[in-house]
Structures are given as C-alpha cells and as structure tokens.
2 protein chains.
Amino acid sequence: MHIFSKACEYSIKAVIFLATRTESDQRMRLREVSKAIGSPEAFTAKILQQLVRQRVLKSVKGPGGGFCLQEDARNIALYRIVLAIDGDSFFTDCAMGLKKCSETQPCPIHKKFRPIRDEIKEMLINTTILETAKSVQKGECVLKFFKHRE
Amino acid sequence: MHIFSKACEYSIKAVIFLATRTESDQRMRLREVSKAIGSPEAFTAKILQQLVRQRVLKSVKGPGGGFCLQEDARNIALYRIVLAIDGDSFFTDCAMGLKKCSETQPCPIHKKFRPIRDEIKEMLINTTILETAKSVQKGECVLKFFKHRE
DNA sequence: ATAAAATAGGATAAAAAGGTCCGAATATAT
DNA sequence: ATATATTCGGACCTTTTTATCCTATTTTAT
Ligand code: SF4
Ligand code: SF4
C-alpha cells in the first residue's frame with residue numbers, strides 16, 4: 001500500500017537532486033547520488049541506467065564521469081518520471097482490481113475515487129523538476145531525513 | 001503502484017458482497033464469496049479468516065455454515081477494512097519514502113500530496129459498507145466484471 | 001454414533017519487488 | 001599506451017506478496 005514503487009521514489013529523488021546540482025552540467029557520481037537521497041547504491045545504479053535509457057539523464061563513463069540531467073530535463077514533470085518507472089497502471093487500472101471496467105460497470109468506489117486519482121495525476125503533471133529542485137535549494141524540503149539540521 | 005494490496009481489494013469486495021446478502025444472517029460459503037468477487041478461493045479463505053479475527057465477519061463451520069457479517073458491520077467504514085488488512089502505513093508514511101518526516105523537513109511533494117492523501121482517508125472514513133452494498137444491489141456498480149450484462 | 005460439509009491453519013510454492021555482486025565496457029588523465 | 005575511474009549489464013540473492021494444497025477441526029444432519 002504505497003503509491004510509488006521504491007524504484008520510482010528513488011528516481012524522483014535522484015532526478016531532483018541532480019537538478020539541484022546541474023549548473024553547467026556538473027556531473028555527479030553514483031555514490032554521491034545515492035548518498036544524497038539515502039538509497040542503496042547498487043539498486044540506484046539500475047534505476048539511473050533506466051533513466052538514461054528513458055532520456056531523462058545523461059551518463060559519462062570513466063574518470064570525471066557520472067550522471068547529469070539531459071538538456072531540458074529541468075522542465076519535465078514528475079509525471080514523466082513516474083511513467084518511465086512505474087508506468088501508468090495506477091491511473092488506468094481499477095482501484096479495486098476489476099480486470100475490466102466500464103462506466104456502466106464501475107467498481108464500488110469508482111465515483112469517489114476517480115476524481116482523487118485524477119487530482120494526483122494533475123498534481124504530478126503540474127509539478128516540474130525545476131520547481132521541486134528550487135524548493136530543496138531553499139531548504140523548504142529535503143530528499144533525505146537529517147537527524148541534526150545544520 | 002497500486003493503492004490497496006490484493007488482499008485488501010478482496011477484503012473490501014467480500015465484505016460488500018456479504019452485506020448485499022445479509023438479510024437475516026444468510027450465510028455464504030467461501031466458494032460463493034470467491035465466485036462473486038472473482039478471487040482465488042484459497043487465498044480468499046485466508047483473508048476471510050483474518051476478517052473473522054478482526055471481528056468484521058462471523059464464520060460457522062459445518063453443513064449450512066459459511067461467512068456473514070458481524071452484527072453492526074453494515075455500518076462500518078471502508079477505512080476499517082483497509083486498516084485491518086493493510087494497516088495505516090499509507091496514511092502515516094512518506095510518499096517519497098523518507099524514514100522520518102517533520103513539518104520542517106518534508107519531502108518535495110509533501111505540500112501537494114498531503115491534502116490529497118487526507119482526501120482519500122476521508123473518503124474511506126465516510127463510505128460505509130451499507131452504502132456501497134446498496135449501490136451494488138441497485139446495479140450501479142459491480143464487484144466483478146461481467147462480459148454479458150444480464 | 002457416524003458421515004458429510006464446512007472453516008481453520010500450517011506448509012509450501014510461485015511471482016513480484018527490492019537489492020547485491022562482479023566482470024565487461026568505456027572514457028579520461030597522465 | 002597505460003592505469004584508473006567510472007558506468008553498464010547480466011546473474012544472482014532476499015523479502016514480501018500472492019496463491020495453492022493438504023490435513024485437522026468443528027458443526028450439522030441423519
Ligand atoms: S470503476 Fe473506476 S476505479 Fe474501478 S476500474 Fe473503472 S475506473 Fe478504475
Ligand atoms: S513530507 Fe509529507 S509525504 Fe513526506 S513524510 Fe512527511 S508527511 Fe509524508
């Protein structure tokens with residue numbers, strides 16, 4: 001009962017983190033990313049690779065290499081990341097697990113649930129990486145819980 | 001990326017189904033329940049047992065036995081079933097997986113996500129079994145997709 | 001008492017999600 | 001050219017969720 005998969009949570013946080021650091025294409029290594037967002041390193045590697053394939057991130061191998069955002073990626077929506085990692089099943093499948101649904105045969109919570117689900121979708125569509133990254137930079141929110149706040 | 005676990009989906013549907021049939025404590029056998037909601041029989045057995053332990057359902061063994069709602073269970077909220085099966089983690093844990101959260105260290109989507117999450121909670125709290133059961137009885141919604149509508 | 005009909009519950013299996021390991025490939029700096 | 005630093009990708013492991021199977025237990029009907 002979690003709305004996003006772990007992979008998706010890490011993806012979002014990783015992309016936001018990279019957005020906070022990508023003045024002049026500054027590259028971040030895997031280790032730095034996973035430390036910044038508090039995620040397991042090897043697992044994070046897989047996810048960053050996926051994001052590279054999905055053309056959200058760029059990667060460079062070798063010394064001085066690492067990950068950074070693809071051009072323009074600061075302006076993409078969180079929704080794009082969610083789609084890339086978790087797909088759209090949350091927004092298309094039935095909340096009650098009906099194999100098929102139709103407006104004449106909806107599930108018992110359809111009427112009340114659908115508007116909320118659409119709200120979530122709109123929220124994800126309307127929230128950009130840039131916006132969240134700025135919020136992190138201002139210290140309004142965090143990508144990882146810190147015991148002692150500096 | 002599904003809001004409820006399968007176990008929880010089946011629970012909700014099973015309880016609603018029983019509510020549609022509990023005029024005068026009519027008992028339904030496992031097989032009838034799982035057929036009505038389109039769920040695997042043995043797995044459904046486990047879930048109904050859980051609901052019995054949680055005092056949502058009553059069960060009677062032997063010939064003529066089966067499952068029915070506990071007294072008053074028609075008036076409980078969907079939220080009660082969700083709590084009984086999935087717990088409250090969806091409503092208490094961070095959407096972005098932060099181990100701990102505070103209002104001074106929220107995750108990047110906190111501000112936009114929390115109100116929606118609360119809406120879902122309110123929706124579940126304000127929706128009774130009775131209400132959904134009536135809706136099913138009126139044919140406004142279904143617990144299982146039927147290819148040919150009678 | 002006995003047979004039959006049901007749920008209860010333990011053991012197990014299969015599938016999905018989450019996570020790790022390590023060698024191959026590649027780019028860089030010297 | 002070479003050593004080094006890094007990502008890439010396949011194989012593997014672990015945990016959780018979903019599902020099945022089988023036997024024990026309980027209740028009812030006769
Ligand atoms: S009824 Fe609503 S929630 Fe259920 S399948 Fe159709 S759209 Fe999805
Ligand atoms: S910030 Fe919001 S979503 Fe994140 S942990 Fe706190 S309450 Fe949960």
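Lettering follows sequence order; numbering is per chain, from 1. The model shown is predicted, which means the values in this text are computed figures rather than measured ones.
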Side chains of Glu140(B) and Ser135(B), donor plus acceptor under 3.5 Å:
yes
Among dT6(D), dT28(C), dT18(D), the nucleotide that comes nearest once only the side chain of Arg29(A) is considered:
dT6(D)
Quick check: on DNA chain C, is the nucleotide nearest Lys46(B) upstream (toward 5') of the one nearest Pro63(A), or the reverse? Name the residue that is more 5'.
Lys46(B)
Atom CG of Leu30(A) and atom C1' of dA5(D): how far apart are they, to the nearest Å?
13 Å
Rounded to whole Å, CD of Gln49(A) lies from P of dA24(C) at a distance of 16 Å
So Leu48(A), base contact, sugar-phosphate only, or nothing? Heavy-atom distance under 4.0 Å.
nothing
Just how far, in rounded Å, is P of dT20(D) from CD1 of Ile47(B)?
11 Å
Approximate separation, where rounding is to 0.5 Å, of Ile12(B) CD1 and Ile109(A) CD1
6.0 Å
Lys6(B) atom NZ: more than 12 heavy-atom contacts under 6.0 Å
yes
Short side-chain N/O contact from Tyr10(B) to OP1 or OP2 of dA19(D), under 4.0 Å
yes
CZ of Phe67(B) versus C1' of dA5(C): gap in Å, rounded?
13 Å
Side-chain N or O of Ser59(B) closer than 4.0 Å to phosphate OP1/OP2 of dA8(C)
yes
Here the distance between atom C1' of dA17(C) and atom NE2 of His2(B), to the nearest Å, is 14 Å
Measure the distance from CG on Leu51(B) to C1' on dG9(C) and round it to the nearest whole Å.
16 Å
For DNA chain D, determine which residues of residues 35-44 of chain B have any heavy atom closer than 4.0 angstrom to one of its atoms, and list them numerically.
Pro40(B), Ala42(B), Phe43(B)
Between Arg27(A) and dT6(D), is there a contact of a side-chain N or O with OP1 or OP2 at under 4.0 Å?
no
Quick test of your reading of the model: are Glu71(B) and Lys58(B) salt-bridged, counting only N-O distances below 4.0 Å?
yes
Please determine whether the number of non-hydrogen atoms from other residues, nucleotides or ligands lying under 6.0 Å from atom NZ of Lys112(B) exceeds 12.
yes
Without decimals, in angstroms, what is the distance between Arg53(A) CZ and dG9(D) C1'?
8 Å
Do other residues, nucleotides or ligands put more than 12 heavy atoms under 6.0 Å from Lys144(B) NZ?
yes
Would you please say whether a donor-acceptor pair under 3.5 Å links the side chains of Ser39(B) and Thr44(B)?
yes
Integer-rounded Å distance: dT7(C) P and Glu32(B) CD
9 Å
